[in-house]
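Notes follow the structure.
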Amino acid sequence: MSAKIISGTEIREAILEEIAAEVKEIKEKHSIVPGLVTILVGENPASVSYVTLKIKTAHRLGFHEVQDNQSPDISEEDLLALIDKYNKDDSIHGILVQLPLPKHIDEKKVLNAIDPDKDVDGFHPVNVGRLMIGGDEVKFAPCTPAGIQEMIIRTGVETSGAEVVVVGRSNIVGKPIANMMLQKGPGANSTVTVVHTRTKDLAAHCKRADILIVAAGVPGLVKPEWIKPGACVIDVGVNRVGEKPSAKDPGKMVAILRGDVDFDAAKEIAGSITPVPGGVGPMTITMLMKNTLKAMKFAAEIQ
Ligand code: GUN
């Protein structure tokens with residue numbers, strides 16, 4: 001039997017509607033709206049398109065949104081001063097510095113300069129530490145792992161006692177999602193294994209997984225025979241494997257995207273699976289909006 005396809009696009013719409021309704025209610029009651037600034041340094045095409053989508057989504061939800069585009073030559077000192085300005089701006093609840101940054105700027109220094117209470121990416125060491133402790137301590141979970149957990153919950157997959165195998169150990173996806181799935185609480189309480197490039201028998205670990213989360217960045221890495229029948233498969237990979245004419249505008253070329261899992265074969269074995277594109281991808285920006293709303297509620301002490 002073919003797997004249930006977990007549509008990030010559909011889940012995104014449901015969550016965005018919930019956020020928009022809450023924003024409207026808070027605005028009516030408290031005359032305050034979430035404020036998000038995106039800081040983009042340079043004109044990396046992928047970064048431009050991500051930031052544009054973030055700002056468009058914030059606008060649609062009724063946020064106060066600021067798109068602050070900076071020259072690729074901005075000095076580290078000036079960028080740190082800009083962050084300081086937004087740290088002190090009460091109309092801004094979330095600060096996002098789009099990565100990657102140009103080589104002459106120390107990324108770590110920049111991320112550490114963001115007020116942890118405005119760190120809606122969840123990348124500041126204070127928020128990484130809070131996530132590790134878990135429970136009430138958590139302020140902002142990083143957006144992609146938060147989106148993954150939300151998809152698992154909304155699909156109704158049992159996580160308590162489940163064998164979760166995470167492929168990849170990045171700071172943005174692998175490590176935080178592993179940590180989140182082992183915490184106490186809904187959508188968690190799992191037994192977690194993290195596998196990576198030095199793991200001896202990747203296939204053997206994957207075959208045990210009730211929930212397989214793959215964030216390796218290697219197209220087609222996970223073979224269908226590595227999937228336990230009925231497992232939930234979350235494919236975080238977004239690999240550009242070529243170009244094709246756009247369906248909307250055939251004169252324009254668009255990227256051909258492929259996940260880390262062989263989707264067509266895997267969907268005949270898995271119980272549920274995310275597609276690429278249209279799976280985890282749409283969830284990242286959605287959770288950024290959720291984190292920004294959360295930041296505003298913390299700042300305004302709204303329950
Ligand atoms: N670049 C690619 N993904 C992300 C993200 O989630 N946050 C930031 N700040 N930059 C990114």
Side-chain angles (χ1 to χ4, degrees), residues 8 12 15 34-58 63 65-70 72 74 76 79-80 82-83 86-87 92-103 105-128 131 139-151 168-177 179-180 213 215-217 234-240 255 257 259-260 276-277 279-295:
R12 168 185 66 192
I15 297 174
L36 173 69
V37 61
T38 58
I39 301 173
L40 173 65
V41 180
E43 286 171 358
N44 172 321
S47 295
V48 170
S49 97
Y50 284 136
V51 164
T52 306
L53 198 53
K54 285 169 187 174
I55 286 294
K56 218 165 116 185
T57 309
F63 286 16
E65 84 280 359
V66 178
Q67 184 170 356
D68 194 331
N69 291 355
Q70 294 291 328
I74 188 174
E76 188 180 278
L79 184 58
L80 293 174
L82 188 69
I83 290 169
Y86 289 117
N87 278 342
I92 295 294
H93 306 100
I95 301 171
L96 180 134
V97 179
Q98 188 66 28
L99 304 176
L101 288 168
K103 288 201 169 41
I105 297 175
D106 182 345
E107 213 160 84
K108 221 195 264 178
K109 226 177 186 176
V110 169
L111 295 179
N112 290 2
I114 298 172
D115 179 345
D117 290 347
K118 296 191 178 190
D119 168 40
V120 284
D121 254 332
F123 293 166
H124 192 287
V126 166
N127 286 316
V128 175
L131 190 77
K139 249 191 163 159
F140 306 113
C143 302
T144 302
I148 293 170
Q149 193 176 39
E150 193 75 34
M151 289 179 111
R169 53 179 162 176
S170 70
N171 287 330
I172 294 183
V173 184
K175 281 192 238 173
I177 191 63
N179 180 40
M180 288 161 75
I213 301 172
I234 307 286
D235 188 352
V236 192
V238 183
N239 306 291
R240 287 164 196 254
L257 300 179
D260 290 349
V276 176
V280 176
M283 296 300 293
T284 302
I285 293 180
T286 307
M287 300 318 283
L288 174 71
M289 301 301 135
K290 212 166 169 178
N291 275 351
T292 307
L293 171 60
K294 216 171 166 187

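Start at 1 and go down the list; that is how both ligands and their atoms are numbered. Just so you know, these numbers use all the heavy atoms, side chains as well, and skip hydrogens, waters and symmetry mates. All of these numbers come straight from a predicted model, not from anything done at the bench.
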Nitrogen or oxygen contacts under 3.5 Å, ligand 1 side and protein side:
| unit_1 | atom_1 | unit_2 | atom_2 | d |
| --- | --- | --- | --- | --- |
| ligand 1 | 1 (N) | Gln98 | NE2 | 3.1 |
| ligand 1 | 1 (N) | Leu99 | O | 2.9 |
| ligand 1 | 7 (N) | Asp121 | OD1 | 3.1 |
| ligand 1 | 7 (N) | Asp121 | OD2 | 3.3 |
| ligand 1 | 9 (N) | Val97 | O | 2.8 |
| ligand 1 | 9 (N) | Asp121 | OD2 | 2.6 |
| ligand 1 | 10 (N) | Leu99 | N | 3.0 |

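- Taking 4.5 Å as the limit, some side-chain heavy atom of Ile148 sits within range of a side-chain heavy atom of Val173.
- At a threshold of 4.5 Å between non-hydrogen side-chain atoms, the residues Asp260 and Val236 do not count as touching.
- Listed by chain and residue number, nothing satisfies the side chain to side chain contact (heavy atoms under 4.5 Å, CB included) test with Val128 (two or more places apart in sequence, or in another chain).
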For residues 281-288, which side-chain N or O atoms pair as donor and acceptor with protein atoms under 3.5 Å away, sequence neighbours left out?
| unit_1 | atom_1 | unit_2 | atom_2 | d |
| --- | --- | --- | --- | --- |
| Thr284 | OG1 | Thr144 | OG1 | 2.9 |
| Thr286 | OG1 | Pro282 | O | 2.7 |

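- Scored by the side chain to side chain contact (heavy atoms under 4.5 Å, CB included) test, Pro142 finds Phe123, Leu131, Pro145, Pro176 as partners (sequence neighbours excluded).
- The only member of Glu65, Gln67, Gln98 that meets side chain to side chain donor-acceptor pair (under 3.5 Å) when paired with Lys54 is Gln98.
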